[in-house]
Amino acid sequence: MMNRTLQTAIGIASWVLLIGLWIQLALEGHVSLSGVEGAAIELGLLSGAVIGITMLWVHHNIRIYRRKGPRTGRAENVPRVDEDRLGHPIRWDLPGGVHGARDTRLLTVRLDNGTKIYERGV
Amino acid sequence: MELLKDLLGWIAETPIYGAALAFVAAYPIFTGVMWTVTSIIFYRRNERNPVPPSEDSPFVSVVVAAYCEEAVIGRTLDALLALDYPAYEVVIVDDGSRDRTAEIVRRRMETDDRLRLIQKLVNEGKAMALNDAVPVTHGEIVVVIDADIRPRPELLRYMVGHFEHGRVGAVAGNAQVSNTRTLLGKIQATEFASIVSVLRRAQRVWGRILTVSGAVCAFRKGAMVDCGLFDPEMATEDIALSWKLQRRFYDIRYEPRAVVAMQVPETLGGLWQQRKRWAKGLAQVLRRHVDLFLDWRTRRLWPVFLEAVCSVLWAYLAVGMIGFWSLSYAIGLEPLGANPVPNFWGMVIATIALVQLGVGVWLDGQYNRDVGRFFLWAPLYPLFYWMLMLVITVSATPAALLGRRGKTSHWRTARFEVAQDESVELERPAA
């Protein structure tokens, strides 16, 4: 594993490389004041557009919320206890069935001829 | 050779090449500005006025699926049993481990009644381990945590408060990288703070997110059941369930104060495997949900879907462009729009990426004071790390899009013990 000194050197070198690339672009005449200004204006306009559209969207949703109120529907679904998600039938081999299993701290689960069996662990 | 030169020259003159070049240049600029600006909007609207910690204490089941986790499960149990919450259980689902995972949990059960163990004698993968636990949990809220995760004590208080709103189906937590002794770990620490967290904040503002955090997420049990629980055939069960929840109009929130420390791959091979699985999982989800455009009611998911498709498209075009440029230069042809050294707009892209990384580090620095120091390695992200992610996306996507459905996905995660002096101590958020 690389030691910390070398890692730090790589980190510093990456910033030197990044800044060096910008300097090289400037020295080769690929970076002009007008070019930077142009890019800054374009990015500024883009940022402004993003803020504007986002805030419009946020206020659209707030208006919906004020008109309709909060969505209060609540999921009351109960998990299936007769078969698992892969379609294996489930057998609860312990007192109380699934209710007993919920109150059991140590359970084992095994597959036997395609049936999933929950048992009290030992 | 001349024929090849003529062909490549002709291609570079076509409108398709021009459009591809414009897309490759513009997409990262647009998304970089979009995510950065919108994540700041989230910060101003939500983090300065956060959902208060829950005063009620509904019973919570913390479920951990574990496969060969002997190196880490002990520390995870220490953290889980130290959560500052009055009513919860910790359910470890041992998915047929071949090491001492179950033995470690059993020993700990002797000293804490809140700890339960479901020992599966057959390994069916993480999704099935979680699915098999749900029917036997007590809580209406199920918090799914990875086996190498160490949460802050106040985790449940911050997450549970969101469920007072009836349509909240899930709350994503904020996973921060703890194993930062390697260079790869340091880059990923910045990545999670700056890319994952920024994107999640931004997507929350728009109302639909790409995925919850697989490392830590709280679910309403009824919502999970309504959506058919986790899909065992999907490579990333967290992305899959996130989309199912949102397609059934459940709300998924993001709680940046729900901080956990997690481990990331420390080798290129491990990272490759993990990200390949993520890319595959995303492609599977996109394939499965392409029909959402047929339903006007799911229109709020359309931007997330389109952005995900664009990101994959961008990866292919970027790799294609690099290949085209490399071939052109090799035969002495200077292609349109290319330069051996990044040109002005290439550097603008890299700089915008750095700004996004910086904003992400600043935002997550409220919750993890250590993350700021990893910004030293931030330039490695746009200069090198991005390329790795491109190649992974390009290589993993076709199999997922064209592959056979129905095969159960199993896990192959290497765990290792985090040395005490390398752990990142997570700062508590400001009150």
Side-chain angles (χ1 to χ4, degrees), chain A residues 1-2 4 6-8 10-19 21-22 24-25 28 30-31 35-36 39 42-43 46-51 54-55 57-58 61 70-81 84-86 90 98 101-111 116 118 121, chain B residues 29-30 33-34 37-38 41 45 106 109 113 115-122 124 127-128 131-132 134-138 165-167 169 181-183 186 205-207 220-223 225-226 228-230 232 249-251 341-344 347-348 350-352 354 376-380 383 408:
Chain A
M1 190 178 63
M2 213 183 288
R4 280 188 188 176
L6 185 54
Q7 289 178 12
T8 303
I10 291 173
I12 294 170
S14 69
W15 282 99
V16 168
L17 176 63
L18 187 82
I19 295 167
L21 286 170
W22 270 116
Q24 185 179 359
L25 279 177
E28 288 175 355
H30 296 302
V31 180
V36 171
E42 285 174 23
L43 291 172
L46 177 59
S47 301
V50 167
I51 292 172
T54 305
M55 295 319 295
W57 177 248
V58 167
N61 291 326
R71 293 179 298 172
T72 54
R74 199 177 282 260
E76 301 290 350
N77 306 282
V78 174
R80 288 189 71 164
V81 297
D84 75 2
R85 186 62 176 69
L86 288 172
I90 295 177
V98 62
R102 284 191 194 120
D103 294 331
T104 302
R105 291 183 62 211
L106 178 58
L107 286 167
T108 58
V109 179
R110 61 185 174 90
L111 268 179
K116 187 160 277 182
Y118 285 72
Chain B
I29 294 173
F30 176 76
V33 170
M34 163 85 116
V37 167
T38 322
I41 292 174
R45 289 181 53 79
R106 280 173 181 253
M109 285 170 69
D113 286 345
L115 185 55
R116 300 172 61 195
L117 173 64
I118 300 173
Q119 196 166 356
K120 291 187 66 172
L121 303 182
V122 57
E124 292 183 296
M128 281 310 297
N131 290 340
D132 286 346
V134 167
V136 298
T137 54
H138 287 104
H165 300 266
R167 291 300 291 181
R181 56 187 177 169
T182 63
L183 189 58
K186 290 174 168 68
V205 171
W206 283 89
R220 191 187 299 279
K221 189 193 290 184
V225 173
D226 191 23
L229 301 176
F230 293 101
F249 311 107
Y250 291 102
D251 197 20
V341 171
N343 60 16
F344 176 70
M347 289 306 295
V348 168
T351 305
I352 287 174
L354 273 180
L376 174 64
W377 292 274
L380 293 172
L383 292 175
T408 305

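Note on naming: letters A, B, ... go to the chains in the order of the sequence lines (proteins, then strands), and numbering restarts at 1 for each one. Both backbone and side-chain heavy atoms feed into the values below; hydrogens, waters and symmetry mates do not.
Residues that satisfy the ring-ring contact (aromatic ring centres under 6.0 Å, His included) test with W15(A), not counting sequence neighbours, are F375(B). Applying the side-chain contact (heavy atoms from CB on, under 4.5 Å) criterion to R105(A), with sequence neighbours excluded, gives M109(B), D113(B), L115(B), R116(B).
Contact between N77(A) and G222(B) at its shortest, heavy atoms only, is ND2-O, 3.1 Å. In this structure, V78(A) and V225(B) approach most closely via the heavy-atom pair O-CG1, 3.4 Å. A pairwise comparison of heavy atoms in V136(B) and A101(A) identifies CG1-CB, 3.8 Å as the closest pair. Scanning both residues, W57(A) and V205(B), for their nearest heavy atoms gives CD1-O, 4.0 Å. Shown here for R102(A) and T137(B), the closest heavy-atom pair between the two residues is CD-O, 3.8 Å.
Here CE of M34(B) is found 12.0 Å from CD1 of I51(A). Values are rounded to the nearest 0.5 Å. We find the CG-CG distance between L117(B) and L107(A) to be 8.5 Å, quoted to the nearest 0.5 Å. Taking CD1 of I41(B) as the start and CE of M55(A) as the end, the distance is 5.5 Å to the nearest 0.5 Å. Note that the CG atom of L383(B) and the CG atom of L18(A) stand 5.5 Å from one another [nearest 0.5 Å]. Note that CE of M347(B) and CG of L25(A) are 6.5 Å apart. Values are rounded to the nearest 0.5 Å.
Only the side chain of V37(B) has a heavy atom closer than 4.5 Å to any heavy atom of chain A. Of the atoms belonging to I90(A), not a single heavy atom falls under 4.5 Å from chain B. Both the backbone and the side chain of I29(B) have a heavy atom closer than 4.5 Å to some heavy atom of chain A. Only the backbone of T104(A) comes within contact range of chain B, with at least one heavy atom under 4.5 Å from a heavy atom of that chain. Using a 4.5 Å cut-off between heavy atoms, F230(B) touches chain A through its backbone atoms (N, CA, C, O) alone. For chain B, the nearby parts of D103(A) are the backbone and the side chain; heavy atoms of each come within less than 4.5 Å.
Counting heavy atoms from C-beta outward, L86(A) and P232(B) have side chains that approach closer than 4.5 Å.
A donor-acceptor contact shorter than 3.5 Å links the side chain of W377(B) to the backbone of Q7(A).
Taking the six-membered ring where tryptophan is involved, the planes of W22(A) and F344(B) are perpendicular, since the angle between them exceeds 60° and thus also 30°.
Of the candidates R80(A), R110(A), R85(A), K116(A), K116(A) is the only one forming a salt bridge (Lys or Arg N to Asp or Glu O under 4.0 Å) with D132(B).
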